[in-house]
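Since the structure comes first, as structure tokens, the remarks are kept for the end.
Per chain, numbering begins at 1; letters A, B, ... match sequence-line order.
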Amino acid sequence: MSCKYTITSGLPYANGPLHIGHIAGAYLPADIYTRVRKLSGDDAIYICGTDEYGVPITITAEKEDVSPRVIVKRYHQEIKEGFKNLNIQFDNFSGTSNLHNKHHAALAREFFTELKKNDYISSKIDDQLHCKECDRFLADRYVEGTCPKCGNDEARGDECSVCNAQYTVMELGSPKCKLCSNGTLSKVPTKHWYLKLDVLQAKLEEWIDSKDYWKENVVNFVKGWFKDGLRERAITRDLHWGVPVPLNDAAGKVLYVWFDAPIGYISSTIEWAEKQGDKDKWKEYWQNPDAKIVHFIGKDNIPFHSIIWPAMLIGQKKDYQLPWHIPANEYLNIGIDGEEGAKASTSKGNVVWVNDYCKHFAADYLRYYLALNAPEKSDFTFTWKDLQARCNNELLGVLGNLANRVLKFIGSNFEGVIPTPEDLDARDNEVLEKIQHSVAKVTKSYDNFEVRQAVAEVVNLGRVGNQYFDEKAPWKTAKSDRKVCGNTLYVTAQLVHKIVLLLTPVIPESCDKLWKQLGYENGISSWDELQKDLPAGQKIHKPQGVFSKIEDKVIQQMEENLRNASQTEQEQPKVELVPLKEDKISYDQFSALDIRMGKVLEAEKVAKTKKLLHLKVDIGHEVRQIIAGLAEHYTPEELIGKTVPVLVNLEPAKIRGLVSEGMVLCADIDGQAITLHPGKKVCPGATVR
RNA sequence: GGUGAAGUAGCUCAGUGGUAGAGCAGUGGAAUCAUAAUCCAUUGGUCGGGGGUUCAAAUCCCUCCUUCACUACCA
């Protein structure tokens with residue numbers, strides 16, 4: 001029976017390019033699932049677009065001194081390109097700003113208005129910082145001031161870069177605007193609106209309870225939130241880059257980016273409907289109880305899709321359907337074969353960019369490898385060597401070789417015509433049954449979002465084919481017994497036929513080529529073919545190798561690139577020059593500081609902490625106990641015996657129950673502490689002036 | 001320290017109560033239809049440690065250790 005499916009993947013944020021982690025978690029599984037649904041005769045649409053509002057984009061824009069539109073346009077293009085190169089096919093790919101979608105803002109406003117009408121939105125007025133020069137309210141990250149805890153003058157809005165204290169921006173001393181650098185900030189009351197999630201909790205819990213078929217990790221996560229109790233959540237911000245809040249008293253305010261982003265799924269569908277020439281058609285996919293809505297996301301996106309987004313939909317009191325399934329995936333890590341601890345991290349440059357990949361390899365290799373290793377239940381570690389091995393051994397060795405040897409054999413011994421089976425023996429029938437069994441297993445796995453199992457089973461089928469072919473040795477029977485030989489080729493041709501069909505959602509391009517080699521004129525359009533045989537008597541086309549071997553040289557090059565990327569990032573950290581302090585201090589203030597050279601006598605990690613070292617430092621007059629946050633940068637052994645400057649008259653403080661009587665002074669390279677050592681020998685207790 | 005996830009063969013991973021698995025890598029063989037692609041055989045594991053429940057535990061319970069992600073500790 002045919003069903004309707006509305007399939008989406010988390011909207012990629014238009015502030016950077018795609019890497020293969022994105023693909024493995026959210027886009028490839030969705031693309032494969034959509035293809036499966038369509039092949040099965042379901043009415044499925046795959047909807048996506050870039051997420052184009054919010055603060056990070058405005059920051060990038062300001063760094064480059066361009067409008068946010070320029071940034072959005074650039075990355076929208078780049079991301080779209082990446083998807084196209086990897087054959088990720090959307091029915092519609094839009095974007096949330098009016099640059100790409102003229103329906104989005106209106107729909108987002110409607111969502112807000114409706115929630116407000118139904119009393120799911122509250123508002124309150126709080127003080128926020130306002131810059132007179134720029135004439136605007138400032139988001140936390142645009143504010144700089146004095147840390148309320150450590151007195152650091154360059155503390156960020158919500159967190160101090162020196163002592164890492166967290167606070168609200170209101171606690172910051174003498175706050176300044178980072179944008180115009182001399183703007184004086186004043187606290188001005190401003191109104192914001194909140195989604196009353198607490199009111200919706202009971203309904204959400206009831207809904208989640210019906211999801212016994214969801215993945216455990218998703219359900220557990222959501223239940224954790226319920227346990228703590230849902231809280232109101234701000235859905236507006238003082239910002240210009242976003243959807244304006246549709247209220248009279250909301251000038252200069254926009255909807256928070258996470259509020260409008262999921263609405264992008266619907267607005268993109270509206271755009272699609274319009275292109276179809278039936279502008280109300282989107283309702284069949286969002287307001288129809290028979291439509292199954294599936295959101296593919298990475299695990300970081302679980303709270304938004306399984307709590308906040310459904311809450312927004314419930315609050316509409318319209319016919320919106322809640323998600324049917326949210327198959328959240330785990331993460332992809334990047335490793336280098338034979339080297340340790342290389343975990344994926346964009347900031348370390350330890351990342352494989354989609355557009356880089358596509359310069360060197362065909363889409364199907366990555367699609368195959370990521371489908372086979374989809375991070376469905378746990379994180380997965382990608383390595384280039386493994387990709388090479390899998391593609392060469394399985395894609396080329398098992399599957400490609402099977403297709404090639406069978407088709408070539410039919411070409412040279414049966415004039416390129418599929419032989420007619422005659423008196424099949426027990427072994428032949430056994431293989432034919434195995435094919436049916438695998439077809440059932442694979443389609444079921446696809447239906448259950450178990451792509452890796454589906455792919456593994458197809459490869460298995462390929463192995464069975466090679467085994468059978470070797471066993472039957474048709475190159476011998478071709479001379480001795482043509483009937484048996486024909487049967488063998490008939491059976492293996494059926495195997496190839498089914499393998500090609502089953503793998504087409506994963507590697508569509510290659511399967512399409514093979515399909516045509518099997519003698520079909522048109523591409524694969526339906527899995528009805530799975531129930532049919534490759535007809536005896538069909539004339540095949542001349543086979544050509546579809547997969548080529550991935551050479552060591554290219555893989556070594558890719559590994560080298562990866563290694564270089566992570567090293568340059570690690571060894572040459574970009575230091576953003578912190579602006580000079582403008583406030584002058586008196587000599588008296590300076591001389592109030594008692595800084596001495598101290599020799600580290602003992603050092604050990606404070607138990608059960610990551611960053612803290614327990615130091616005993618000889619400062620001449622006495623030995624001080626100092627607790628320093630250096631454990632991530634230095635081992636105790638590296639510090640023992642070193643002479644370093646110490647601020648000794650800082651008032652003692654208790655850290656994790658231990659009294660710290662001073663502070664080791666270090667250079668700060670983007671949070672990395674670097675110890676300072678005197679150029680000549682200095683005895684402990686020497687003053688520093 | 002809190003929360004969550006994980007620890008199974010050299011590597012990447014399956015396996016949720018019933019004789020420890022796959023692929024790759026390693027070793028030994030066979031075959032020559034096929035892009036040297038295949039096939040057969042084989043080496044390799046006190047399933048992180050310890051305790052418990054059970055006739056039976058990789059699997060359930062307790063505890064400890066380690067790793068990862070968020071988070072806390074940075075005077």
Side-chain angles (χ1 to χ4, degrees), chain A residues 147 149-152 160-166 216-217 220-221 224 227-228 299-300 302 330-331 333 335 337-338 341 343-345 369 372-373 375 377-383 385-390 392-413 452-453 456 459-460 462-463 465-478 485 488-489 492 543-549 606-613 626-633 646-647 650-666 671 673:
Chain A
C147 173
K149 275 195 166 179
C150 73
N152 165 33
C160 174
S161 53
V162 171
C163 73
N164 272 333
Q166 302 225 338
E216 226 175 292
N217 59 344
N220 285 347
F221 195 96
K227 212 168 133 194
D228 291 344
K299 62 179 165 188
D300 50 328
I302 291 174
E330 305 289 313
Y331 288 148
N333 298 322
D337 210 61
K343 293 292 172 196
S345 148
Y369 182 63
L372 182 71
N373 294 299
K377 288 183 184 165
S378 57
D379 293 357
F380 165 73
T381 305
F382 170 101
T383 66
K385 279 241 169 65
D386 194 42
L387 176 127
Q388 180 196 27
R390 289 294 194 168
N392 285 352
N393 292 330
E394 296 173 4
L395 214 45
L396 187 145
V398 176
L399 301 175
N401 179 49
L402 178 68
N404 197 242
R405 71 199 298 205
V406 169
L407 294 183
K408 275 215 169 146
F409 201 96
I410 292 175
S412 53
N413 289 278
R452 55 191 304 159
Q453 206 175 54
V459 177
N460 218 7
R463 288 183 207 280
N466 279 317
Q467 274 163 26
Y468 168 82
F469 198 84
D470 273 31
E471 226 175 275
K472 287 284 181 180
W475 53 93
K476 284 181 185 159
T477 55
C485 184
T488 304
L489 271 300
T492 39
Q544 264 180 328
V546 170
F547 307 106
S548 54
K549 198 166 181 176
V606 177
K608 309 200 171 173
T609 66
K610 258 191 250 173
K611 299 184 182 176
L612 298 183
L613 284 181
I626 294 177
I627 309 302
L630 293 174
E632 284 188 320
H633 315 298
V646 180
L647 179 60
L650 193 60
E651 64 180 51
K654 252 193 180 179
I655 302 167
R656 297 206 64 82
L658 299 164
V659 178
S660 182
E661 308 164 307
M663 181 170 173
V664 175
L665 303 179
C666 290

Euclidean distance for C1', C40(B) against A31(B) (whole angstrom): 10 Å
Please answer whether C33(B) and Trp475(A) are stacked, defined here as ring centres separated by less than 5.5 Å and planes angled under 30°. yes
So what does Val546(A) touch, heavy atoms closer than 4.0 Å: a base, only the sugar-phosphate, or nothing? base
For a quick check of understanding: with a heavy-atom distance under 4.0 Å over all strands, which category does Asn393(A) fall into, base, sugar-phosphate or nothing? sugar-phosphate
Sugar-phosphate only, base, or nothing, as touched by Gln544(A) at under 4.0 Å among non-hydrogen atoms: nothing
For G45(B) versus G21(B), give the span between their C1' atoms, rounded off to a whole number of Å. 11 Å
Euclidean distance for P, C61(B) against C68(B) (whole angstrom): 25 Å
Shorter than 3.5 Å, N or O on both sides, protein versus nucleotides 3-8 of chain B: list them out with atom names.
none

Would you mind telling me which of U32(B), U12(B), C33(B) lies closest to the side-chain atoms of Arg405(A)? C33(B)
What interatomic distance, in whole Å, is found between C1' of U54(B) and the corresponding atom of G4(B)? 30 Å
Of all the nucleotides listed (A37(B), C39(B), C13(B)), which has the minimum atom distance to the side chain of Asn466(A)? C39(B)
Nearest-Å distance once atom P is located in both A9(B) and G44(B): 15 Å
How is Ala473(A) classified with respect to the nucleic acid when contacts are heavy atoms under 4.0 Å: base, sugar-phosphate, or nothing? nothing
Complement of G18(B), any strand, by Watson-Crick or G-U distances under 3.5 angstrom: C55(B)
Side chain of Arg390(A) (C-beta onward), nearest among C33(B), G23(B), C24(B): G23(B)
Using the C1' atom as the reference point in each nucleotide, state the distance between A14(B) and C62(B) in Å, no decimals. 28 Å
Derivation of the side chain to side chain contact (heavy atoms under 4.5 Å, CB included) call for Asn466(A) and Arg405(A): CA-CA 9 Å; Asn466(A) 279 317; Arg405(A) 71 199 298 205; 2.8 Å; yes
Can you tell me which nucleotide in A14(B), C40(B), A37(B) comes closest to the side chain of Gln467(A)? C40(B)
Side-chain donor/acceptor of Asn404(A) to backbone N/O of Gly400(A), under 3.5 Å: no
Checking side-chain contact (heavy atoms from CB on, under 4.5 Å) between Arg390(A) and each of Asp386(A), Asn392(A), Leu387(A), which is the one that passes? Asp386(A)
Report the nucleotide, chosen from C24(B), A34(B), C33(B), that has the shortest atom-to-atom distance to any side-chain atom of Ala389(A). C24(B)
Quantified in whole Å, what is the P atom distance between nucleotide C39(B) and nucleotide U3(B)? 50 Å
Which part of the nucleic acid does Gly397(A) contact within heavy-atom distance under 4.0 Å: base, sugar-phosphate only, or nothing? sugar-phosphate
Examine C13(B): is either OP1 or OP2 under 4.0 Å from a nitrogen or oxygen in the side chain of Thr381(A)? Give yes or no. yes
For G10(B) and U43(B), measure between their C1' atoms and round to the nearest Å. 12 Å
Scan Phe469(A) against the nucleic acid and name what it touches under 4.0 Å (heavy atoms): base, sugar-phosphate only, or nothing. base
Within a reach of under 6.0 Å around CD of Gln544(A), are more than 12 heavy atoms found that belong to other residues, nucleotides or ligands? no
Which of the following nucleotides, G23(B), C39(B), A36(B), is nearest to the side chain of Asp470(A)? C39(B)
